[in-house]
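Structure record follows, encoded as structure tokens.
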Amino acid sequence: FKPFKDYTGRRNTFKRKLWRKCYSLYILLVRVFHKNQIVSSVNSDNKVSYLPPSPSTISLPGKSSTAYFEGWLFRNPEGLKKYYADIRAYFAPRKDIADEVENYVQKIRASHSRFIGIHLRQGDYKTWKKGAYYIAQDRARQIIDQYMSTFDLQPRDTAFVITSDGPIDRAQFEGLTIFTTENKLVHDLFILSKTDTIIGSDSSYGNFAAYYGNIPHIIFKNEKVDWNYYSGKKEYFVNKYCTMVHF
């Protein structure tokens, strides 16, 4: 849709909000004209619906029909493994974005042996579900310090890039080598995917970046972090503490 084509701003920008309004009208038309082709995962118990090639728990429309999927509880662990290369290629960024990301990352890696991504979702998490998923910046710093200590990383060798939908208080991260971004949604996603490990909010955004880059995703928690669980993990894995995803 030309007015919104290639727009990479975050969801709290005016243009993104306008797009979501337009999209809601499209959804209404689908509901009216293609009611029998909608496959929904929405349910009051929040039960997961599995798609093939994973053992499927839902019925799909006939092969000649277009299927419209509604809800966020669809899961397909076998499909994500089987089609990893295809999925990665499909979601590859435009060349100009890929080049910007690569240049940004290489400048940091040139002077640091470890590069850690921090995804700190602030905006809606402050109020959504009464703030159950919100992690304050001082708590994020505590977890980062624990990570450094647990895995014996030295501050002089380690760089952190902090991506967030809100302002970063750099004083909270004093003593660490930190880089921040310009809050561009797509750029941040692929910058995170090129780090060695992502430590961040319980969010599908950070988890997809970890999946795309085949790197570990450590989840911020207000409760004690289970560091033994993360020991030895060097590639993407299904994280039991990532409750927003549950593959």
Side-chain angles (χ1 to χ4, degrees), residues 1-94 97 119 121-134 165-166 183-190 193 201-212 238 242-247:
F1 190 28
K2 287 184 179 180
F4 304 96
K5 186 178 180 182
D6 297 331
Y7 183 66
T8 60
R10 290 187 176 275
R11 65 184 295 169
N12 59 358
T13 61
F14 171 78
K15 197 169 184 179
R16 182 69 71 186
K17 290 178 180 178
L18 179 59
W19 161 249
R20 291 170 72 86
K21 290 291 185 182
C22 294
Y23 189 70
S24 66
L25 294 177
Y26 165 74
I27 292 174
L28 178 62
L29 293 174
V30 170
R31 289 184 188 278
V32 172
F33 294 105
H34 302 284
K35 180 179 179 180
N36 295 329
Q37 294 165 245
I38 296 175
V39 182
S40 177
S41 69
V42 178
N43 64 88
S44 59
D45 297 323
N46 281 339
K47 291 183 178 179
V48 168
S49 297
Y50 288 96
L51 297 168
S54 298
S56 182
T57 58
I58 61 175
S59 298
L60 299 175
K63 292 183 178 180
S64 60
S65 299
T66 298
Y68 298 88
F69 292 86
E70 177 183 30
W72 68 280
L73 290 167
F74 294 108
R75 302 294 182 266
N76 196 344
E78 294 303 317
L80 289 173
K81 293 177 184 178
K82 181 176 181 180
Y83 298 108
Y84 175 77
D86 296 311
I87 293 170
R88 201 174 189 280
Y90 185 86
F91 285 101
R94 294 195 321 252
I97 295 176
H119 172 228
R121 184 165 171 174
Q122 299 182 80
D124 59 338
Y125 268 24
K126 289 183 178 180
T127 56
W128 188 67
K129 297 287 186 180
K130 298 182 179 179
Y133 292 89
Y134 175 68
D165 58 345
N183 288 321
K184 292 182 179 179
L185 180 71
V186 177
H187 293 72
D188 283 1
L189 181 73
F190 291 102
S193 76
S201 298
D202 188 351
S203 166
S204 57
Y205 180 85
N207 201 73
F208 178 76
Y211 168 77
Y212 191 88
V238 178
C242 191
T243 60
M244 289 298 295
V245 178
H246 276 326
F247 283 125

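The structure displayed is predicted, hence computed values, not measured ones.
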Other residues, nucleotides, ligands: >12 heavy atoms within 6.0 Å of K82 NZ:
no
Quick check against the 3.5 Å criterion: does E78 have a side-chain atom that pairs as donor or acceptor with the backbone of P53?
no
Polar side-chain atom of Y134 near backbone of Q122 as donor-acceptor pair, under 3.5 Å
no
Could you pull out the closest heavy-atom pair between P55 and Y50, with the gap in Å?
O-CB, 3.3 Å
Can you tell if the side chain of F208 reaches within under 4.5 Å of the side chain of S193, non-hydrogen atoms only?
no
pair I87-Y211: side-chain heavy atoms closer than 4.5 Å:
yes
Are any side-chain N or O atoms of N43 and backbone N or O atoms of S41, one a donor and one an acceptor, separated by less than 3.5 Å?
yes
Taking the six-membered ring for Trp, are H119 and Y205 parallel (under 30°), tilted (30 to 60°) or perpendicular (over 60°)?
tilted
Quick one: does R16's side chain get under 4.5 Å of L185's, heavy atoms only?
yes
Is the side chain of S56 donor-acceptor paired with the backbone N or O of L51 at a distance under 3.5 Å, no angle test?
no
V39 side chain near P61 side chain, heavy-atom distance below 4.5 Å:
yes
Is it true that a side-chain atom of Y84 and a backbone atom of Y212 form a donor plus acceptor pair closer than 3.5 Å?
yes
Using modelled atom types and a 3.5 Å cut-off, is there a donor and acceptor pairing between side-chain atoms of S49 and backbone atoms of I58?
no
Are Y90 and Y83 packed together at the side-chain level, in the sense that at least one heavy-atom pair is separated by less than 4.5 angstrom?
no
Identify the heavy atoms of S54 and G79 that sit nearest to each other, and give their distance.
OG-N, 4.0 Å
All salt bridge (charged side-chain N to carboxylate O under 4.0 Å, His left out) counterparts of E70, not counting sequence neighbours:
R31
Under 30°, 30 to 60°, or over 60°: which ring-plane class applies to Y133 and Y125, parallel, tilted or perpendicular?
tilted
Look at the side chain of N76 and the backbone N and O of P52, then say whether any donor-acceptor pair between them is shorter than 3.5 Å.
yes
Not counting sequence neighbours, which residues clear side chain to side chain donor-acceptor pair (under 3.5 Å) with S40? List them please.
none
Pairs touching residues 33-57 that satisfy salt bridge (Lys or Arg N to Asp or Glu O under 4.0 Å), sequence neighbours left out:
none
Could you grab the distance from atom CZ of F91 to atom CG of D86, nearest 0.5 Å is fine?
11.5 Å
